[in-house]
Amino acid sequence: MIDIFDLGLRIRNVRKAHNLTQKTLAAKLQLAGYDFNDLAILRIEQGTRFVPDYEVVALAEVFNVSCEYLLGLTDAPAK
């Protein structure tokens, strides 16, 4: 089973590697048609918010990485 804290940490690390703020990431996700705000990103990164599968897909698309990478199933970020 995937630990929600590990997912949040992986998302924070990828976000920072892309030089995005939580607010900017939320805006990119909104432009892609997903309902996110910076508070949602904060809670995901802290591991206090459940992340449904479709949101993992959305985050993977924005970061151009695989869902498996975000979920910690692989260390290779490429799709």
Discussion item. Can you list everything that forms a side-chain hydrogen bond (donor to acceptor under 3.5 Å, both in side chains) with Arg12? Sequence neighbours excluded, please.
Written reply: none
Worksheet entry | Residue pair Asp75 / Tyr69: nearest heavy atoms and the distance that separates them | O-CE1, 3.7 Å
Worksheet item: For Leu70 and Val56, which heavy atoms make the closest approach, and how far apart are they?
Response: CD1-O, 3.8 Å
Worksheet item: Under a single-linkage definition using a 4.5 Å side-chain heavy-atom cutoff for Ile, Leu, Val, Met, Phe, Trp and Tyr, are Val65 and Leu73 assigned to the same hydrophobic cluster?
Response: yes
Worksheet entry | Considering all heavy atoms, the nearest Ser66-Ala60 contact | C-CB, 4.0 Å
Worksheet, complete the sentence: The ring pair (Phe, Tyr, Trp, His ring centres under 6.0 Å) partners of Tyr34 (sequence neighbours excluded) come to none
Discussion item. Between Arg49 and Glu55, does any side-chain N to carboxylate O distance fall below 4.0 Å?
Written reply: yes
Worksheet item: Is a side-chain donor or acceptor of Arg15 paired with a backbone partner of Leu20 at a separation under 3.5 angstrom?
Response: yes
Fill in: Residue list, side-chain hydrogen bond (donor to acceptor under 3.5 Å, both in side chains) with Thr74, at least two apart or on another chain
none
Fill in: Inter-residue atom distance Ile41.CD1 - Lys23.NZ, 0.5 Å rounding
13.0 Å
Discussion item. Using the side chain to side chain contact (heavy atoms under 4.5 Å, CB included) criterion, which residues pair with Asn13? Sequence neighbours excluded.
Written reply: Leu9
Item to complete: Report the distance from atom CG of Leu31 to atom CZ of Phe36, rounding to the nearest 0.5 Å.
Response: 13.0 Å
Worksheet item: Hey, what do you get for CG (Leu59) to CD1 (Ile11), rounding to the nearest 0.5 Å?
Response: 4.5 Å
Item to complete: For Thr48, enumerate each residue passing the side-chain hydrogen bond (donor to acceptor under 3.5 Å, both in side chains) test, keeping only those at least two apart in sequence or located in another chain.
Response: none
Worksheet item: Just by modelled atom types, is the Gly8 backbone N or O under 3.5 Å from a matching donor or acceptor in the Gln46 side chain?
Response: no
Worksheet item: With sequence neighbours excluded, what pairs up with Val62 under the side chain to side chain contact (heavy atoms under 4.5 Å, CB included) test?
Response: Leu25, Lys28, Leu29
